[in-house]
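The first residue of the sequence shown is numbered 1, and numbering continues consecutively from there.
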Amino acid sequence: MTLPARYKPILPPISGGFGHAIICEDQVLQRKVAIKKINHSAHLNRLIDEVVALQEAKSKHVVEIYDVLINSTGTDISIVEEYLPGSDLLLFAFNPLNLEEFYKLGFQVATGIAEIHARMVVHRDIKPNNMKYDAAGYIRIFDFGLAKTTTLPTSTVTLTGTPGYMAPELFNSPPIIDKPIDIYAFGAMMFDLITGNLPPCAMPWPQKPVALAPADGIGNKGLSNTRIAHLIDKCLAVPPNDRPSAAEIAIAFQRELLYGQHKATLVSSSQTLILDTIGKSVKASHQVNSIEVAYDGFDFNVGSVIGHVYVNNQNAVQGMVLSGSHVITLGSSGLRKFVTFDVSHPEVKI
């Protein structure tokens with residue numbers, strides 16, 4: 001198919017597994033685009049699946065589709081996509097001294113997966129070379145040619161994917177397609193980025209559903225943060241239901257990125273106290289009633305509670321986590337004292 005005149009090729013075609021991409025200048029909108037074409041008509045359905053998936057998967061962490069080009073007979077289709085100029089994550093080298101960069105990467109990928117899962121799309125080929133940074137520094141997930149957008153879970157008659165990133169249930173007969181297969185691939189990818197090797201459980205081919213032994217855990221392979229190490233190990237669990245959701249993973253990485261950046265303000269009639277230092281606490285008291293709240297870098301936790309103390313009309317108990325806005329009541333009857341406790345929620349800065 002001849003490209004419309006508005007698209008001027010500016011780089012040689014880039015070959016892929018099922019086709020090639022032509023990098024062009026869109027002379028109408030003055031932006032670079034990647035036009036994906038298949039090499040053989042037998043792969044036409046794969047390209048159509050990618051169009052459908054990208055239409056569903058709207059996210060700043062997913063490559064954007066701009067247009068679909070179809071010839072007069074409907075037998076030749078090309079996708080006009082956002083051009084991503086950077087290198088894929090296959091070239092990413094994890095620096096143990098720069099955990100923040102690793103947390104940002106994990107947060108963005110997990111957020112992108114969570115957003116496509118919310119639209120009932122399963123990518124089916126999550127791996128480092130299907131991720132790129134865009135010009136603004138955001139991670140973008142691309143290559144949705146294997147994606148499933150049907151009712152989940154589902155099955156397929158064909159075993160497809162990338163060896164080393166394929167979940168154990170894909171080796172069932174028939175293979176089971178559902179969101180946890182993307183989570184397994186995410187875990188394998190993060191393990192690979194940290195250690196330079198795929199996890200031991202993913203190495204056999206055909207793969208056998210072998211559970212990770214403790215010595216194989218990623219925490220023993222160079223990731224000092226045991227919380228994130230344990231989370232990545234859980235992504236590689238053999239039973240699909242034992243793996244966390246993409247949303248839970250994104251929240252976990254977000255918590256690490258925002259460690260120590262929260263601030264709480266306690267206001268009573270006589271004083272205003274700011275709590276924003278890890279390991280510190282504030283205390284409010286009235287007569288024999290008191291409450292102490294401490295900051296551990298992640299949450300504001302209720303410590304000691306003496307007498308009659310209520311938080312938003314609920315009994316205050318040790319270990320309660322305060323987030324958002326709260327009214328603390330000191331005293332049960334007669335002359336009571338009211339204190340407000342407000343928590344700010346910082347955002348992740350990519």
Side-chain angles (χ1 to χ4, degrees), residues 1-92 105 108-109 111-113 115-150 158 160-162 182 350:
M1 178 172 59
T2 303
L3 294 178
R6 66 182 286 183
Y7 297 117
K8 178 182 178 182
I10 57 174
L11 290 173
I14 302 171
S15 296
F18 290 87
H20 61 277
I22 304 172
I23 310 306
C24 298
E25 179 76 27
D26 182 341
Q27 298 184 91
V28 175
L29 297 178
Q30 297 184 341
R31 63 185 177 188
K32 292 182 176 66
V33 298
I35 301 180
K36 296 186 65 172
K37 299 172 66 69
I38 56 174
N39 290 332
H40 194 280
S41 59
H43 301 139
L44 184 60
N45 287 339
R46 185 178 188 272
L47 199 64
I48 293 173
D49 287 343
E50 182 161 2
V51 172
V52 173
L54 286 173
Q55 283 294 97
E56 295 290 334
K58 299 295 184 182
S59 165
K60 70 178 180 181
H61 296 299
V62 171
V63 67
E64 187 174 355
I65 182 172
Y66 294 145
D67 199 1
V68 178
L69 308 177
I70 307 175
N71 69 353
S72 58
T73 62
T75 56
D76 191 356
I77 299 177
S78 299
I79 309 176
V80 183
E81 292 182 359
E82 170 188 14
Y83 172 58
L84 302 175
S87 299
D88 61 45
L89 293 188
L90 196 61
L91 301 178
F92 178 86
L105 187 156
Q108 291 187 78
V109 174
T111 299
I113 295 174
E115 289 172 343
I116 66 175
H117 283 183
R119 292 165 173 79
M120 301 306 290
V121 175
V122 177
H123 187 279
R124 293 180 68 198
D125 202 18
I126 295 293
K127 59 185 178 181
N129 40 334
N130 280 342
M131 314 276 169
K132 276 188 177 183
Y133 285 101
D134 67 11
Y138 291 106
I139 289 285
R140 297 280 191 153
I141 304 171
F142 60 95
D143 197 348
F144 280 72
L146 296 182
K148 282 289 185 181
T149 58
T150 185
T158 305
T160 55
T162 301
D182 284 347
I350 303 300

Taking atom [atom1] of [X] and atom [atom2] of [Y], what is their separation to the nearest 0.5 Å?
{"X": "Ile141", "Y": "Leu84", "atom1": "CD1", "atom2": "CG", "value": "11.5 Å"}
{"X": "Lys8", "Y": "Ile22", "atom1": "NZ", "atom2": "CD1", "value": "15.0 Å"}
{"X": "Lys132", "Y": "Leu89", "atom1": "NZ", "atom2": "CG", "value": "10.5 Å"}
{"X": "Ile79", "Y": "Lys36", "atom1": "CD1", "atom2": "NZ", "value": "6.0 Å"}
{"X": "Glu25", "Y": "Ile10", "atom1": "CD", "atom2": "CD1", "value": "5.5 Å"}
{"X": "Arg31", "Y": "Glu82", "atom1": "CZ", "atom2": "CD", "value": "9.0 Å"}

Inset, instruction - Using side-chain contact (heavy atoms from CB on, under 4.5 Å) as the criterion, list what pairs up with Lys127, not counting sequence neighbours. - result: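 So Lys127 forms a side-chain contact (heavy atoms from CB on, under 4.5 Å) with Asp125, Asn129, Asn130, Thr162, Tyr165.
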Inset, instruction - Only counting residues at least two apart or in another chain, list the ones meeting side-chain contact (heavy atoms from CB on, under 4.5 Å) with Pro85. - result: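 Checked Pro85 against side-chain contact (heavy atoms from CB on, under 4.5 Å); matches are Tyr83.
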Do [X] and [Y] make a side-chain contact, defined as non-hydrogen atoms from C-beta onward lying under 4.5 Å apart?
{"X": "Tyr133", "Y": "Leu105", "result": "yes"}
{"X": "Glu115", "Y": "Val62", "result": "no"}
{"X": "Met131", "Y": "Ile126", "result": "yes"}
{"X": "Arg6", "Y": "Leu29", "result": "yes"}

Legend entry - With Ile35, the side-chain contact (heavy atoms from CB on, under 4.5 Å) member among Pro13, Pro4, Cys24: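 Only match with Ile35 under side-chain contact (heavy atoms from CB on, under 4.5 Å): Cys24.
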Inset, instruction - Using modelled atom types only, decide if a donor and an acceptor are shared between the side chain of Asp182 and the backbone of His123 within a distance under 3.5 Å. - result: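 The answer is yes, because a donor-acceptor pair under 3.5 Å joins these two groups.
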Please find the pair of heavy atoms, one from [X] and one from [Y], that lie closest to each other, and give the distance.
{"X": "Thr111", "Y": "His61", "result": "CG2-CD2, 3.8 Å"}
{"X": "Ala5", "Y": "Gln27", "result": "O-NE2, 3.4 Å"}
{"X": "Ile23", "Y": "Ala34", "result": "CD1-CB, 3.9 Å"}

